[in-house]
Amino acid sequence: MRIILLGAPGAGKGTVAKLLSDADGSVQISTGDILRAAVKEQSVLGREAQGHMERGDLVPDDLVMELMEDRLKKDDCRAGFILDGFPRTITQAEALKILLDRLHIELDFVANLDVPRDVILDRLTTRRTCSNPDCQEIYNIKSKPPGSDGKCSKCGFPVVQRADETEEAITHRLLTYNEKTAPLIGYYDKEGILKTFLSLESGKTVEAILDFLGKRQ
Ligand code: AMP
């Protein structure tokens, strides 16, 4: 599949993308994961992105487009891809359209995950993430706690609250989403490739997306 997952922070894009990737081998491309790994490595990209990310601001469009162009040209994308957290602005969406045309890639559609605001706030404040950039397993202190020693049950690294998941940063990220990213819903609707899913349970959302693509046995 070649799809974009749209949705507010905390809408469950990461979980849905992972499950979709397991279903048909399409690669999950999360700009958030790529940027966090770059920050951890303190690469040039990481050093430029770090401050923006910690404040809950978006990383500048030109940096994100540069990394996405490199990523979409990699061989593993031929099996299909799920874009998780990209595009985040109209500028990125327009640049993506030009890039995909140039690479002769056609999107299947854009899945918009619609989740009520109170559910989003609850999920974000209770979310914890494995600090290993190669793992990044997501936990929830209510519904999926890490081991009793606070370590990831997959890789043993400490499970932490992300710097951008403090209450202040979350409020800022949601405002940024409403202002910069939500307009993409109208943009892709106009392009005729948008489908909205009320998404309360990731498993059911994945089934609905696979049904829509005609990919469920
Ligand atoms: P995420 O894990 O998708 O919530 O992303 C975490 C942070 O990474 C965001 O709050 C932004 O600072 C940055 N980021 C991720 N994807 C993008 C993007 N497409 N454009 C700009 N900034 C991004």
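Along the sequence shown, residues are numbered consecutively beginning with 1. Start at 1 and go down the list; that is how both ligands and their atoms are numbered.
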Inset, instruction - Please work out whether any backbone atom (N, CA, C, O) or any side-chain heavy atom from C-beta onward of Asp57 is under 4.0 Å from ligand 1, and answer side chain, backbone, both or neither. - result: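 For Asp57, the contact with ligand 1 is made by the backbone alone.
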Legend entry - Cluster overlap Ile34 with Val39, hydrophobic side-chain contacts below 4.5 Å: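 They do share one cluster, since a chain of ILVMFWY contacts under 4.5 Å joins Ile34 to Val39.
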Legend entry - For atom 6 (C) of ligand 1, the protein heavy atom that lies nearest, with its residue and separation: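 In this structure, atom 6 (C) of ligand 1 has Arg36 NH1, 3.4 Å as its nearest protein heavy atom.
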Inset, instruction - Identify, for atom 16 (N) of ligand 1, the protein heavy atom at the shortest distance, and state residue, atom and that distance. - result: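 For atom 16 (N) of ligand 1, the nearest protein heavy atom comes out as Thr31 OG1, 2.8 Å.
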Inset, instruction - May I ask you to say whether Arg173 pairs ionically with Glu168, meaning some side-chain N is under 4.0 Å from a carboxylate O? - result: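 Not counted as a salt bridge, because no side-chain N and carboxylate O are separated by less than 4.0 Å.
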Legend entry - Min side-chain heavy-atom separation Tyr139-Ile141 under 4.5 Å: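 Of all side-chain heavy-atom pairs linking Ile141 with Tyr139, none is under 4.5 Å.
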Legend entry - Spacing of Lys195 atom NZ and Asn112 atom CG [to the nearest 0.5 Å]: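 Output value for this atom pair is 10.5 Å.
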Legend entry - Asp114 versus Thr196, side-chain donor and acceptor atoms under 3.5 Å: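 Thr196 vs Asp114: no donor-acceptor pair found between side chains.
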Legend entry - Per atom 1 (P) of ligand 1, closest listed option by heavy atom (Arg88, His52, Arg55):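 Answer by nearest heavy atom: Arg88.
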Inset, instruction - Could you check atom 13 (C) of ligand 1 against the protein and tell me its nearest heavy-atom contact, residue, atom and distance included? - result: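 Ranked first by proximity to atom 13 (C) of ligand 1 is Leu35 CD1, 3.7 Å.
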Legend entry - Side chain, backbone, both or neither: Leu58 near ligand 1, heavy atoms under 4.0 Å: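 Both backbone and side chain of Leu58 come within 4.0 Å of ligand 1.
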Inset, instruction - Would you indicate which of Val59, Thr91, Ile34, Thr89 comes nearest to atom 22 (N) of ligand 1 when only heavy atoms are counted? - result: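 Looking at heavy atoms only, Val59 sits closest to atom 22 (N) of ligand 1.
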Legend entry - N or O contact, Gly85 vs ligand 1, cut-off under 3.5 Å: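 Such a contact does occur with ligand 1.
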Inset, instruction - Could you tell me whether ligand 1 has any atom less than 4.0 Å away from a heavy atom of Lys13? - result: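 Contact check Lys13 vs ligand 1: negative.
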Legend entry - Region of Gln50 engaging ligand 1 - heavy atom pairs below 4.0 Å: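 The answer is neither.
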Inset, instruction - Looking only at protein heavy atoms, identify the closest one to atom 8 (O) of ligand 1 and say how far it is in Å. - result: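 Going atom by atom, the protein heavy atom closest to atom 8 (O) of ligand 1 ends up being Met53 CE, 3.4 Å.
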Inset, instruction - Check whether Met1 and Ile193 end up in the same hydrophobic cluster, where Ile, Leu, Val, Met, Phe, Trp and Tyr are linked by side-chain heavy atoms less than 4.5 Å apart. - result: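 No, Met1 and Ile193 fall in different hydrophobic clusters.
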Inset, instruction - May I ask you to list the atoms of ligand 1 that are less than 4.0 angstrom from any heavy atom of Arg173? - result: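 Every atom of ligand 1 under 4.0 Å from some heavy atom of Arg173: 4 (O), 10 (O).
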Legend entry - Any Gln92 side-chain heavy atom under 4.5 Å of Leu96 side chain: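 No, every pair of side-chain atoms sits at 4.5 Å or beyond.
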Legend entry - Side-chain heavy atoms of Glu137 within contact of Thr129, under 4.5 Å: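 Heavy-atom side-chain distance check fails, nothing below 4.5 Å.
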Inset, instruction - Below 4.0 angstrom from a heavy atom of Phe86, which ligand 1 atoms are there? Numbered from 1 as shown, please. - result: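 Listed by number with element: 19 (N).
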Inset, instruction - Would you kindly say whether Ser202 and Thr15 are connected by a side-chain donor-acceptor distance under 3.5 Å? - result: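 Side chains of Ser202 and Thr15: no pair found under 3.5 Å.
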Inset, instruction - Determine, considering heavy atoms only, which of Glu165, His172, Gln92, Lys180 sits nearest to atom 20 (N) of ligand 1. - result: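 Answer by nearest heavy atom: Gln92.
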